[in-house]
Amino acid sequence: MTGIRLTAPAPGWAIDADVVVVGSGVAGLTAALRCAAAGLDTVVVTKARLDDGSTRWAQGGIAAALGEGDTPEQHLDDTLVAGAGLCDEEAVRTLVTEGPDAVRRLISTGAHFDTTDSGDIALTREGGHHRRRIAHAGGDATGAEISRALVGAVREAALHTIENALVLDLLTDAEGRTAGVSLHVMGEGQHDGVGAVRAPSVVLATGGMGQVFSATTNPSVSTGDGVALALRAGAEVSDLEFVQFHPTVLFLGADSEGQQPLVSEAVRGEGAHLVDADGVRFMVGQHELAELAPRDIVAKGITRRMHEKGAEHMYLDARHFGARMWEQRFPTILAACRAHGIDPVTEPVPVAPAAHYASGGVRTDLRGRTTVPGLYACGEVACTGVHGANRLASNSLLEGLVFAERIAADIAEARPPRTEPADAPGDAGAPVPLLSPEARTAIQRTMSRGAGVLRSADSLATAADELEALHREAAADADGSKAVVPGVDAWEVTNLLLVSRVLVAAAREREETRGCHWREDRPDRDDAHGRRHLVVRIAPDRTPVVHRTETAAFPPVRPSD
């Protein structure tokens with residue numbers, strides 16, 4: 001345990017439960033429903049509304065070997081190739097073998113996927129897949145449909161939910177085991193102000209951290225809160241340097257910041273072409289799958305062409321689809337493009353890479369257990385070893401689904417007893433000095449310049465220096481009249497800084513190009529030294545400590561494993 005906690009008031013209220021699930025995407029709600037079905041008193045905490053997380057923004061779909069002639073083994077092979085030598089094969093095998101039945105259980109929960117005229121699930125292709133295995137809903141509104149079904153099931157089951165609540169820190173008992181979480185309800189929930197949910201099992205399903213960058217497909221709530229909480233609690237994170245930049249995000253201008261509209265990979269899966277301003281298909285000849293190469297390769301191809309042409313973006317050309325296909329297959333994307341003055345039916349769509357998905361996160365085993373007893377993680381906040389150095393398209397929803405079920409089974413089997421927190425947040429430990437909310441933009445611009453699609457030793461060193469300056473400034477201000485008042489904006493930006501410092505520390509250590517980590521000064525993959533995981537923890541003085549594993553395999557999460 002680090003003893004590190006956010007500066008926050010002591011909890012003014014508390015409730016007790018067997019399990020608290022933090023997050024309301026596919027991972028969090030699946031875990032909560034399965035725990036409740038096992039008879040566990042389960043509380044769901046979510047930062048906004050139940051249906052406001054990253055899942056509902058997922059357009060393309062969910063990957064599983066559901067089609068005729070497809071097999072889990074083929075799905076495994078495609079995943080391992082995309083992961084660039086760093087996938088945990090046992091984790092991937094778990095994903096692809098349990099995935100099809102997990103999707104069928106999701107359907108039985110109420111999710112409706114698009115079907116063919118014969119009534120079979122309609123399947124499409126995306127980058128890195130050699131078969132059509134992506135199930136979708138509403139054309140390009142898969143996440144929204146999954147979210148609708150799971151939220152409906154949660155409400156029907158009358159689960160205890162706390163909405164509009166930012167989780168602050170992990171509570172632990174005298175033995176260092178999980179004892180719940182502290183949280184702040186933002187005025188619209190069941191409780192007001194800082195409180196606590198006391199529970200012996202905590203499931204982090206908080207989603208991603210895309211908001212560390214200026215331009216991202218992630219919603220505004222994706223500020224890395226789960227990773228930051230886990231780090232402060234003493235948990236290990238891994239592979240945080242592998243941030244996937246989605247190749248085709250609607251380009252809204254060089255100065256655009258915040259959440260950007262995604263143009264799903266499924267558009268390329270249906271036959272759209274990437275072209276430059278002269279109409280040249282520049283991905284042809286770069287990879288056997290051309291536009292359907294794994295995302296890191298396509299993002300690099302677009303970025304290279306932008307540099308060659310001195311351009312700020314490339315184009316996605318799907319005019320040959322025609323109006324009817326656009327309206328039926330991709331209505332959400334069509335509406336987003338038209339809202340920004342672009343009509344994909346009659347003109348190519350300007351696109352550029354933007355931060356999309358964290359392949360790394362809080363390190364877990366195959367049951368979702370972290371290195372802190374009683375603390376679990378699943379979905380984008382977790383690092384199960386499935387994604388390696390680069391996530392295969394549409395494996396994310398499946399990972400959340402499969403590992404959430406595994407977590408619920410483990411908790412139901414263990415049924416740990418409730419214990420009392422050893423001390424109250426705000427009263428003990430080492431409170432973290434809070435950053436001013438105005439520092440958010442500075443962090444995002446630093447990360448986009450220094451740790452974006454293109455990285456180098458120099459760019460990462462500059463980013464590290466700038467982030468360290470913000471860290472020192474906050475510490476200095478905390479002792480004087482400039483101390484920041486605790487609040488949601490300050491807690492979020494403080495989380496962003498911690499996650500950014502750890503990401504940059506890992507990226508500086510990985511002196512090679514692998515997967516979605518692209519070092520301009522180290523353009524080659526170095527299997528002799530690079531087929532290793534970088535595991536990071538936070539020292540009591542809040543310094544990131546990076547450890548390189550001895551092999552490509554993860555070490556056990558606990559010595560007894």
Side-chain angles (χ1 to χ4, degrees), residues 58-65 70-97 99 123-135 208 217 238-248 262 264-266 268-269 274 283 286-303 353 355-361 379-380 382-403 453 510 512-518 524-525 527 530-533 552-554:
Q59 295 174 344
I62 185 166
D70 196 7
T71 64
E73 199 69 27
Q74 294 175 65
H75 190 181
L76 180 141
D77 289 343
D78 286 344
T79 301
L80 295 181
V81 169
L86 276 185
C87 294
D88 181 289
E89 187 166 340
E90 186 180 359
V92 178
R93 194 171 295 281
T94 298
L95 178 82
V96 300
T97 55
L123 301 172
T124 189
R125 266 184 77 193
E126 291 185 352
H129 293 272
H130 282 79
R131 283 193 174 271
R132 298 177 76 91
R133 66 167 64 98
I134 316 301
T217 62
S238 186
D239 302 349
L240 219 60
E241 69 272 26
F242 295 119
V243 176
Q244 188 177 82
F245 287 78
H246 198 288
T248 54
L262 175 66
S264 170
E265 197 153 315
R268 280 174 282 137
L274 281 167
M283 285 304 299
Q286 291 199 36
H287 190 276
E288 59 165 331
L289 296 176
E291 285 94 351
L292 284 175
R295 287 179 178 175
D296 62 309
I297 293 170
V298 180
K300 291 172 188 176
I302 291 174
T303 304
H356 180 58
Y357 190 88
S359 292
E380 190 173 355
C383 183
T384 62
V386 158
H387 304 308
N390 184 46
R391 174 178 68 93
L392 181 65
S394 288
N395 269 357
S396 50
L397 292 175
L398 189 70
E399 183 199 29
L401 195 61
V402 167
F403 285 90
V453 178
R510 184 168 292 283
E512 62 161 353
T513 288
R514 181 181 297 273
C516 51
H517 172 71
W518 188 11
D524 298 321
R525 185 164 137 177
D527 279 343
R531 278 202 70 206
R532 305 288 187 273
H533 297 279
F554 275 135

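Side-chain atoms are counted along with the backbone in the values below, which use heavy atoms only and exclude waters and symmetry mates.
- Gly61 and Ser394 make their closest contact through O-OG, 3.1 Å (heavy atoms, listed as atom of the first residue, atom of the second, distance).
- Proximity of Gln286 to Ile297: side-chain heavy atoms (C-beta onward) are nowhere separated by under 4.5 Å.
- Atom CG in Asp239 sits 5.5 Å away from atom NE2 in His533 (nearest 0.5 Å).
- Separating the OG1 atom in Thr124 from the CD1 atom in Ile134 is a distance of 7.5 Å, to the nearest 0.5 Å.
- Between the CZ atom of Phe242 and the CZ atom of Arg391 there is a distance of 15.0 Å, given to the nearest 0.5 Å.
- The nearest pair of heavy atoms linking Ser359 to Cys516 is OG-SG, 4.5 Å.
- Taking the side chain as every heavy atom from C-beta outward, His246 and Glu265 approach each other to under 4.5 Å.
- Proximity of Thr303 to Trp518: side-chain heavy atoms (C-beta onward) are separated by under 4.5 Å at one or more points.
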Between Leu274 and Thr248, is the side chain to side chain contact (heavy atoms under 4.5 Å, CB included) condition met? List the steps. CA-CA 9 Å; Leu274 281 167; Thr248 54; 3.9 Å; yes
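- A salt bridge links Glu241 with Arg510; the closest basic N to acidic carboxylate O contact falls under 4.0 Å.
- Panel note: side chain Arg531, backbone Ala552; no donor-acceptor pair is recorded below 3.5 Å.
- For the residue pair His129 and Asp78, no side-chain donor N or O sits within less than 3.5 Å of a side-chain acceptor on the partner.
- Within the 4.5 Å cutoff, side-chain heavy atoms of His130 are placed close to those of Glu288.
- Counted by atom type alone, Asp296 and Gln244 present zero donor-acceptor pairs between their side chains at under 3.5 Å.
- Residue Asp70 forms a side chain to side chain donor-acceptor pair (under 3.5 Å) with just one option from His75, Arg133, Arg132, and that option is Arg133.
- The distance from the OG1 atom of Thr79 to the CG atom of Asn395 is 4.0 Å, given to the nearest 0.5 Å.
- The nearest pair of heavy atoms linking Glu73 to Arg93 is OE1-NH1, 3.0 Å.
- The two residues Ser264 and Glu126 come nearest to each other via the heavy atoms OG-OE2, 4.1 Å.
- Of the possible polar contacts, none joining the Arg295 side chain to the Asn390 backbone as a donor-acceptor pair under 3.5 Å is found.
- Lys300 is listed as a side-chain neighbour of Thr513, based on a closest heavy-atom distance under 4.5 Å.
- Using modelled atom types, no side-chain atom of Glu291 and backbone atom of Met283 make a donor-acceptor pair closer than 3.5 Å.
- Remark: of the listed residues Thr94, Leu398, Asp88, Leu95, Leu95 is the sole one forming a side-chain contact (heavy atoms from CB on, under 4.5 Å) with Val386.
- A pairwise comparison of heavy atoms in His387 and Tyr357 identifies NE2-OH, 3.3 Å as the closest pair.
- Smallest separation of non-hydrogen atoms from Ala299 and Pro353: O-CG, 4.0 Å.
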